[in-house]
Novice: 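Quick one: the structure is below, questions incoming.
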Amino acid sequence: MTAQNRPVLLTAARILGGEPQDVLLADGVIAKVAPAGSLEVPEGALVIDATDKVLLPGLVDLHTHLREPGREDAETVLTGTRAAALGGFTAVHAMANTTPVADTAGVVEQVWRLGNDAGWVDVFPVGAVSVGLAGEQLAELGAMASSAARVRVFSDDGKCVHDPVLMRRALEYVKAFDGVIAQHSQEPRLTDGSQMHEGVVSAEIGLRGWPAVAEEAIIARDVLLAEHVGSRLHVCHLSTAGSVEIVRWAKSRGLPVTAEVTPHHLVLTDELARGYDPVFKVNPPLRTAEDVEAVRAGLADGTIDIVATDHAPHPVEDKDCEWDAAAFGMTGLETALAVVQETMVETGRLTWEDVARVLSTNPARIGRVDDRHGRPVAEGEPANLTLVDPTVRRTVDPALQGTMSRNSPFAGRELPGQVVATFLRGRPTVLDGEALAPAGEPAPQGTIA
Amino acid sequence: MAGAPMPEDAVTTVLGAPEIGRALTRIAHEILERNKGGDDVVLLGIPTRGLPLAHRLAERLAAVEPSLDAAHLVGELDITMYRDDLHRHPTRPIGTTTLPADGIDGKVVVLVDDVLFSGRTIRAALDAIKDLGRPRAVQLATLVDRGHRELPIRPDFVGKNLPTSLSERVAVLVEEIDGTDAVTITAGEARA
Amino acid sequence: MRHLLDARDLTRADAVQVLDTAAEMAATQSREIKKLPTLRGRTVVNLFFEDSTRTRISFETAAKRLSADVINFSAKGSSVSKGESLKDTALTLQAMGADGIVIRHHASGAPHLLAHAGWVDAAVVNAGDGTHQHPTQALLDAFTIRRHLADRGVAGSGEGFDARRGVGKDLAGLKVAIVGDVLHSRVARSNVQLLTTLGAEVTLVAPPTLVPVGVGTWPCTVSYDLDATLAERPDAVMMLRVQRERMSAAGGGYFPSPLEYSRLYGLDQRRLATLAEHAVIMHPGPMNRGLEISAQAADAARSVVVEQVSNGVAVRMAVLYLTLAGSGTAAPVPTSKELA
């Protein structure tokens, strides 16, 4: 393949699910948009028949664990961003809970450079709120913000900033550079040793419960803190009906609060824990069917702003064990769009335009990368795009995914939709559903089908 | 165990109720004759159909020797836990073992079974008896001996010798369990 | 029965079969020669990741009485304490030819994983997992209750030890109170399911802090008032062990003090006197005398705590027989040597 720097003509693409149009990409931007069949094929152009396919702005993930540095046995920046490209993403925010923790300008710049070198997607490092995620002392947020990585999102994700004073200071401090605190809402004392959602199933199968109130209490506190100090707050992976209510209330007061839900919380429930397969062990835990309905409703009515993957790869040995001993987390980059299509589009609750909003425009704006990502699909805009065939159905096989890890909760499950092509600044990173190495060579590791 | 015959197979009745009754009466006399009376004799029926046969023999013994109490002569010996083929079959339910009131130590134990075939049941029964006490002697009574022994075991008292082929199935029906007394042979495919 | 993992897996008929088999096993245990040849050549591994001398000895005795070879594999002093995974331990046991694995584990679901992960062919018997299940304890409790109470009203019952009393019966109509730390108790979970399956009415009695959220779907009644429950004249009262450390803040702070606990939820002399004449007192052991049960109650004539221990051996013999003796397949192995 030498598709790297050629102009690309997409014929009869349905932009945001609309009427078929021809779209020409050249020099990294969208050069032309015209009615289907009206554009000439430029010399040397790559022509892609996009009939019946949906063209979206490149997806932006506000919540990805790339694991590098430290856990390169689970994922690297290279493999994680390749998985992202296959999932239709053109930008990911890499969470800070690496080893060492991304709590200094040095570490965030390292991750940022690794992302640039890999070239699959734009990698925006998230900075830690506290030194070592210990929840005691503010990390050098300003230094990370002014580093080459230009960090705007700060999070101790994996741990909650539970000290109210520290949370207040963090919320205040990041105002200086228009940052946002992305909170992992989990009251630690209420969740000591917790293994799964506390409820009917946990009572029966004897796993320590993670009560909904432990999430809701922190969200309520943070919303009030954000109002008090006038700061932006982003609620990571909310998972309960109560959390949706609290965020709805916050928005009704006009507070600058945004919220995300993961694909898995849109569809999976705590019933799956009954088989003790740790692939379903995740934090926050899978909740009840009522909670699933509440987060879908919240996403549909705009209470929840975005879908973010919380892609959390783990090596096999961390999941091939007793539930209590297993790691929390699921992979998600390569199934996120499919889950949103199944749960929200096919149920009529979101249009493709809405999908672009919750998976691209809103996360780009919250992460303050909306100068390059989450842009309209229009002439002159950066050609960060995703082409989806919504008619395909495929069965998820983790062994065939781009991520290094195998802990997909959707393994063996049939999901709709297929990312046909992903373009990063006009260059295809994925074509015909296969990853294209940035140098035009086949992907360096494993097979990608 | 001898099961109910399959309806589609050819079933031949070889003994009816009168013949079975006569055979049991004869065996009862033989037991008394062999042991010079019934003073030390106890009967251990092997479930399922050996047990009612043991009770009938006890009644006949008591009828001949009024000093005997039929109710105290009979015990029940379940040999499931002594079988050598447990792991070749789905799990078998365990039956009950109860000894006669005076136990079996020093007694003449007459094992009672419906059909004697390979001899493996009796081998298991002998092992079980060994764990239950120390009889003075053990004898074997069977209503039908169909041959094909796989172990050096022979009956002391036989109702009827019934030469069969391995592919045939012998069923003993008793009034107490099956509602009728009969011994039947069913021709069938060898179950090898 | 392929495995025994969860009391919920047993239907009423299954449970009665286990109890009836246990009754026959118990009958053999009053003989001079207690050993049976039934599981000769079979290997049973007691795989204990958690200390429990009582349960291990009970299973070991049961296996040996059935002539199985027994290997005790304790996590302490083995490679497990050096970080060997459950999977590698399982593969090792498989390679050694274990026919049955009796597993005790601190993680709920570990026996389920062992049975279903494809690591071993052996039958798996759950000897207690985390705060999930302890099915053989529930079976021995049901066996004990049945032996004492299923024939109530039949002349002559209640005298001497007849292992077969109650054979074929369930526990229909009996009222059982289970008192204590339900939240952390696998015994309570297993018993609620099994006793209910057998037709008993179960009432759980505990301070609200020691009842799990989600208990509302359990097939039982929940009470916070022991005296009110005892006033309903239960046929059996099962006291659960309460660990003293549960009262400390580090242990969860579930109740203010041992004194308050025993005052509200202990089976003391006063409460003992209110029990129905036929009612039995049970405890899975080990007992905290003076906390959940007074010495008078523990040692009362109606206390069947010691009998529970001996019934435990018979029930475990039955479970080992039912999981290990047969071919484990639905279809019999064809043979011309079928015993006539």
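Quick note on labels: first sequence line is chain A, next is B, and so on, each numbered from 1.
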Novice: Test of understanding: with side-chain contact (heavy atoms from CB on, under 4.5 Å), list the residues that count as partners of C:Leu264, not counting sequence neighbours.
Specialist: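 So C:Leu264 forms a side-chain contact (heavy atoms from CB on, under 4.5 Å) with C:Glu260.
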Novice: What residue, out of C:Leu86, C:Leu183, C:Val215, C:Val213, has the most heavy-atom pairs lying under 4.5 Å from chain A?
Specialist: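 Highest number of pairs under 4.5 Å: C:Val213.
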Novice: For chain C and chain A, what donor-acceptor pairs lie under 3.5 Å, backbone included?
Specialist:
from	atom 1	to	atom 2	distance (Å)
C:Arg8	NH1	A:Glu204	OE2	2.3
C:Lys87	NZ	A:Asp320	OD2	2.9
C:His105	NE2	A:Glu322	OE2	2.9
C:Ser108	OG	A:Gly206	O	2.4
C:His112	NE2	A:Gly275	O	3.4
C:Thr131	OG1	A:Gly206	O	2.7
C:His132	ND1	A:Tyr276	OH	3.1
C:His132	NE2	A:Tyr276	OH	3.1
C:Arg189	NE	A:Ala203	O	2.6
C:Arg189	NH2	A:Ala203	O	3.2

Novice: Of all residues at least two apart in sequence or in a different chain, which pass the ring pair (Phe, Tyr, Trp, His ring centres under 6.0 Å) check with A:Phe280?
Specialist: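 None.
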Novice: Any idea which of C:Ala107, C:Pro212, C:Gly109 has the most non-hydrogen atom pairs under 4.5 angstrom with chain A?
Specialist: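 Top count of heavy-atom pairs under 4.5 Å with chain A: C:Gly109.
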